[in-house]
Protein chains: 2
Amino acid sequence: MPADTLPFDLRSLEMFLAVCDAGSMAAAARRLALTQPAVSQAVAELERRIGIALFDRGARPLALTAAGGALRQRASALLSEARQIAPLLREAEHARLPLLRAGLVDSLSRALMAPLAGKLGEMAEQASILSGLTASHAGALLTRQLDLLVGADDLDEIEGLERWPLLTEPYVLLMPAALPVPARPADLAQLAAALPLVRFSARSKTGMEVERHLRRLRLDLPRRLEFDTPYGVTASVAASGGFAITTPLCILEAAVALDGLACRPLPGPAFTRHLTLIARRQELGRLPREIAGFCRTHLAGLAEAFDRLVGHEIAATFQVEGAEVQPA
Amino acid sequence: MPADTLPFDLRSLEMFLAVCDAGSMAAAARRLALTQPAVSQAVAELERRIGIALFDRGARPLALTAAGGALRQRASALLSEARQIAPLLREAEHARLPLLRAGLVDSLSRALMAPLAGKLGEMAEQASILSGLTASHAGALLTRQLDLLVGADDLDEIEGLERWPLLTEPYVLLMPAALPVPARPADLAQLAAALPLVRFSARSKTGMEVERHLRRLRLDLPRRLEFDTPYGVTASVAASGGFAITTPLCILEAAVALDGLACRPLPGPAFTRHLTLIARRQELGRLPREIAGFCRTHLAGLAEAFDRLVGHEIAATFQVEGAEVQPA
DNA sequence: TGGTACTATAAGTAAAACTTATGTTATCAC
DNA sequence: GTGATAACATAAGTTTTACTTATAGTACCA
């Protein structure tokens, strides 16, 4: 018997949830057409295997502990997913690709979500596109909860992936247009003394990159307000009159009015962000390549909006991948 | 033995995946420290219970059938979620953090992110606002990675929380304006036959609620395209000419042009969504109450936009909480 | 203070999961 | 083709698990 065995199976979760819903083990037993000791034993075994008490014995209307409540949430989600599977497999028999799941980094939602949805809808029977942080999508890709990922991280530390670069964009300053443009990195500290710096959370790849870059520049800027979405950062800068280190795509993503704000070049060494499409190697054939091409075509259409947003000087750093690079 | 039993348990899925990964049943057996017949029997039993062949016997490097491939995707997702559960429960027991962090459901980003950031920035030395799904925020709240949560779930199965209702809004149909308005629930099936139904993913509370509602109405609508953000759903409907079951706030959140689309009442019994502010009980004093009041004030400002979007008839269901309800 | 309705434990039984043993089939080297 | 090899399937026996009945213990209510 392997040591990393799961501490429960679906049957025991089913019984646990029945107890939660019914309010007592005896009632749950009736509902499941079992005897009461069966339920009692199953719950006890579940608690023993997880190693945490799930119910508060000694309180008569049986009460959940904190851990019990958490399990209730997750278990019901897990079971409802499990119940969907079998019917879907029957449909999967006569289908193209049965299911295609993609993770799209937040900052490309507005640029790519709808066209990508159309494309995936053509290529698969069922398509699912999730938004969020690249970090969480990366985990999902590896555990096969996702099949494709478009994000700001090329996951080069992970084997067995194929990578299709999409575009490169510069980091920029988003700040009040009236203020003087910082010329040297040190001017950023001065700016931060006058205005609140709005940051990306360190949960996001972008936030981590910015943090690392500032450390390289030996700048220790305050950390007052942070967000994990481009909208949060941009909207907060617009509302509060602060400033942020962000990228053109992140600003476009937010789709908020930028009255009185301007994009300025970030002083100091070049600092860019790369967006990449990633899939597990050799599982989807030429599909990732085709989708990457499709994304590039759509992203190229943004060049004009970029120009308007940041001016020609900065926009030159914006670059959609042209040559179709072979996956590493 | 009840008839609606699941056709598999986690153990059999584990074995099935081991076979997929190892490439043969014998190799999988070695890896699982079992004998070959154990695996063979488990796979056979799994196929019998699901009622579909998963592998292509007779092809020697064992090949997956279409259904087998689909099961592989979903089963590995299911298992990786299952494996996360136990460790999370252990964390749920303790942990404590000083900093003020809030989780805001995606559909309120546009409405509340910036003002909430300003407010929290006043009240705390450092504030962090994360966007995403209520479900993941709920876990973060329990494990004390978040201190506040604004979401579409009141987590009533969890003890030890205080809840501050913010507003109630109706679910509505977002569909082409030119098409006739569905009068009865059954008309939805007809609509779904003509147009693609764009769904919220079951990962989101909104998606789960819609799914449950449809099940109550005994409607089995196709599942072609799904998203976990309001922007995804709205943009896809706008781009593809499909339809969706969504809410006014979700539509406003997306901030996309709705040319040719209209909001229609959802036929059938009343179906509304409740947004609530949640905190762990008695940990932040009167702060949650104050923030809830602040949020309501801001949300009340949306009433006009609601009217324009959905018309008076539907908008009547939109209701910002007035009385400050004592936490349960 | 019993009565009721629940939970826990003990011991036995039915079902399942797994094992060894053996037969069958596809692939490959010759 | 032919036999060797490595895989899968099936049969029969064994261990483990899940469930049952029976009984004792515990919180709650009148």
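Lettering of chains follows the sequences in order, A, B, ..., and the numbering in each one begins at 1.
Here A:T35 does not reach the OP1 or OP2 of D:dC19: none of its side-chain N or O atoms lies under 4.0 Å away. Phosphate contact (OP1/OP2 of C:dA8, side-chain N/O of A:S40, threshold under 4.0 Å): present.
Comparing C:dA17, C:dT7, D:dA7 by their closest approach to the side chain of B:R30 singles out D:dA7. If you check D:dA18, D:dT20, C:dT20 against the side chain of A:D9, the one that comes closest is D:dA18.
One finds the CD atom of B:Q36 at 9.0 Å from the CD atom of B:Q41 (value rounded to the nearest 0.5 Å). Rounding to the nearest 0.5 Å gives a distance of 4.5 Å between CG of A:L116 and CD1 of A:I129.
In this structure, B:M25 atom CE and C:dA26 atom P are separated by 14 Å, rounded to whole Å. Atom CG in B:L34 sits roughly 14 Å away from atom C1' in D:dT15 (whole-Å rounding). The CG atom of B:L54 sits 14 Å away from the P atom of D:dC8 (whole-angstrom rounding). The CG-P distance, from B:L64 to D:dC8, rounds to 13 Å in whole Å. Summarising the geometry, the separation between CZ on B:R11 and P on C:dA15 is reported as 23 Å, rounded to the nearest angstrom. Whole-Å rounding puts the A:M15 CE to D:dA18 C1' distance at 9 Å. We find that CZ of B:F8 is positioned 17 Å from P of C:dA16, with the value rounded to whole Å. Counting to the nearest Å, the P atom of C:dT20 and the CD atom of B:Q41 are 12 Å from each other.
Heavy atoms of A:A38 sit under 4.0 angstrom from at least one base atom.
With 3.5 Å as the limit, one finds a donor-acceptor pair spanning the side chains of B:R273 and B:T206.
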Inset, instruction - Would you please test B:D228 and B:R203 for salt bridge (Lys or Arg N to Asp or Glu O under 4.0 Å) and show each step? - result: CA-CA 7 Å; B:D228 66 349; B:R203 280 164 32 104; 3.1 Å; yes

Inset, instruction - In sequence, state the C-alpha distance, the side-chain angles, and the governing distance for A:E290 and A:K119, and then conclude on salt bridge (Lys or Arg N to Asp or Glu O under 4.0 Å). - result: CA-CA 10 Å; A:E290 186 176 338; A:K119 182 76 174 172; 3.2 Å; yes

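The base of C:dT19 does not come close enough to the side chain of B:Q36 for any donor and acceptor atom to sit less than 3.5 Å apart.
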